[in-house]
Amino acid sequence: GITNLAISRAFTWLLSDSMQAVKMDPLLSGLSRFRQAVRDSVEAGRVPRLSPSVVVTRLSMKKLPQSMGMSVKSTQVLQPGMLVISSLPGSDEATAAAGILAAKLRGQVMEFVKPGICVLADVEAQDDEVMEAVSKAHAVLVVLSLGSLRSPQQLQVILHTQKAAGAVEVVPILTSSFRFPDRTFYEQELRPVYAHAAALSEALRCFFKHIAVGLATDASDHVLDAQCRDVAGRIPKDKANSSVISLSSILPVNSLLKVKKIVTFCTTSESQDPQPVGIGRRQQVEHERRADDSDEAFN
């Protein structure tokens with residue numbers, strides 16, 4: 001069997017300087033962090049065993065005009081009709097998922113999404129400019145990860161897609177760390193914070209009626225290809241044919257996100273424990289049942 005001495009030696013090697021590692025630049029954000037890490041590794045002549053997310057980002061870099069001499073700062077311009085990918089700001093897991101989607105979907109959707117793909121993690125713009133692009137997007141992919149439902153930007157994206165009834169197709173993308181909100185989330189985290197918690201709750205329930213697609217960033221390239229094909233199949237070729245669930249309570253987005261008071265969360269309804277992404281649809285069914293049970297709490 002495995003001895004304590006063997007375990008000790010393994011950890012000593014793992015934490016030593018001889019262990020090759022990809023170091024992320026803390027001063028960079030978005031996909032630039034991954035691009036810089038890959039560039040540094042290639043230029044140093046050491047190509048460590050990279051995760052699928054970094055490999056896909058590297059492949060994506062080869063398609064860029066400046067290749068290894070590219071700037072690490074994003075120059076992406078927001079345009080109407082883009083395929084917009086929203087992810088949790090500051091989350092490497094979510095950014096990696098967005099990068100995988102952008103790299104693998106590019107060749108599948110560019111024929112009918114002429115303005116291109118916009119990864120919001122790479123955009124430096126005012127909130128109103130970002131949300132205008134979301135409202136006028138061809139489709140919006142919302143990458144859901146741990147903390148997504150506490151992100152003001154991702155909540156805004158979700159609300160704008162639901163308010164743009166029939167105009168924007170939205171596809172939830174599940175990563176392994178995301179948990180669908182339960183009654184505790186709606187009652188203890190949403191209700192005390194937002195003045196219009198009932199309307200916001202309705203908007204989120206409408207959003208979660210869209211069937212989600214799982215994306216396992218640690219899976220093999222073949223699995224990622226299959227999952228991204230599923231995502232591509234959900235993106236309409238004709239934007240006018242999009243089908244989005246309408247909200248019965250139409251309030252301005254800024255009103256829906258009006259904060260009642262500042263709350264510091266000590267607990268989370270989104271479990272830290274990862275789960276198999278493949279059970280996403282069963283999660284959604286369970287979430288809808290819980291959401292129906294909590295309706296009376298807001299009425």
Side-chain angles (χ1 to χ4, degrees), residues 21-22 24 30-31 33-35 37-38 47-63 83-109 117-122 139-151 154 157-158 169-182 207-235 268-288:
V22 177
M24 311 294 280
L31 292 175
R33 286 166 58 81
F34 293 94
R35 290 171 180 146
V38 172
V47 183
R49 190 172 183 176
L50 303 175
S51 67
S53 57
V54 179
V55 171
V56 171
T57 305
R58 181 182 174 189
L59 294 175
S60 177
M61 286 175 59
K62 292 181 179 179
K63 301 177 183 178
L83 172 61
V84 174
I85 304 178
S86 165
S87 59
L88 178 64
S91 168
D92 284 338
E93 177 207 13
T95 302
I100 290 172
L101 286 168
K104 289 188 173 292
L105 290 175
R106 185 175 289 111
Q108 302 182 55
V109 303
I117 298 176
C118 170
V119 178
L120 292 185
D122 270 354
V140 178
L141 309 182
V142 181
V143 178
L144 297 169
S145 59
L146 182 68
S148 284
L149 298 185
R150 300 191 193 97
S151 165
Q154 286 211 282
V157 169
I158 291 172
E169 181 70 23
V170 59
V171 182
I173 307 295
L174 294 184
T175 64
S176 60
S177 66
F178 181 74
R179 288 294 182 276
F180 282 94
D182 56 13
F207 169 73
F208 285 121
K209 289 180 186 282
H210 295 267
I211 297 176
V213 179
L215 185 70
T217 55
D218 59 348
S220 68
D221 204 40
H222 292 298
V223 173
L224 290 170
D225 284 338
Q227 291 175 331
C228 288
R229 282 196 296 271
D230 290 342
V231 174
R234 297 281 303 280
I235 300 172
T268 173
S269 61
E270 293 177 282
S271 172
Q272 299 276 353
D273 298 329
Q275 68 166 25
V277 185
I279 65 172
R281 181 52 187 160
R282 294 203 301 274
Q283 268 192 293
Q284 282 184 282
V285 173
E286 176 64 16
H287 161 70
E288 291 172 9

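These figures come from a predicted structure and were not determined experimentally. These numbers come from the heavy atoms of this one structure, side chains and all, not from hydrogens, waters or symmetry mates.
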Closest approach of [X] and [Y], non-hydrogen atoms and distance?
X	Y	value
Leu31	Gly99	CD2-CA, 3.5 Å
Gly214	Gln227	O-CD, 3.4 Å
Val119	Ala102	CG2-CB, 3.8 Å
Leu101	Cys228	CD2-SG, 4.0 Å

Please round to the nearest 0.5 Å and tell me the distance separating atom [atom1] of [X] and atom [atom2] of [Y].
X	Y	atom1	atom2	result
Ile235	Gln108	CD1	CD	8.0 Å
Ile173	Ile100	CD1	CD1	11.5 Å
Leu88	Thr95	CG	OG1	8.0 Å
Asp218	Leu224	CG	CG	8.5 Å
Phe207	Leu149	CZ	CG	8.0 Å
Leu144	Thr175	CG	OG1	7.0 Å

With sequence neighbours left out, write down each residue that passes salt bridge (charged side-chain N to carboxylate O under 4.0 Å, His left out) with Asp92, or none if nothing qualifies.
-> Arg33
Give a yes or no on whether the backbone of Ile211 and the side-chain of Arg234 come within a donor-acceptor separation of less than 3.5 Å.
-> yes
Checking Ser148 side chain against Ser145 main chain: does a donor-acceptor pair fall under 3.5 Å?
-> yes
Quick one: side-chain hydrogen bond (donor to acceptor under 3.5 Å, both in side chains) partners of Asp225, sequence neighbours excluded?
->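 Partners of Asp225 by the side-chain hydrogen bond (donor to acceptor under 3.5 Å, both in side chains) criterion, ordered by chain and then number, come out as Lys104.
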Which residues satisfy the side-chain hydrogen bond (donor to acceptor under 3.5 Å, both in side chains) test with Ser86, sequence neighbours excluded?
->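 Applying side-chain hydrogen bond (donor to acceptor under 3.5 Å, both in side chains) to Ser86 gives Gln154.
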Report the C-alpha distance between Leu215 and Val143 in whole Å, list the side-chain angles of each, state the deciding distance to 0.1 Å, and finish with yes or no for side-chain contact (heavy atoms from CB on, under 4.5 Å).
-> CA-CA 9 Å; Leu215 185 70; Val143 178; 6.0 Å; no
Where does the angle between the aromatic ring planes of Phe178 and Phe180 fall among parallel (under 30°), tilted (30 to 60°) and perpendicular (over 60°)?
-> perpendicular
4.5 Å side-chain heavy-atom contact, Val157 and Leu120 | yes
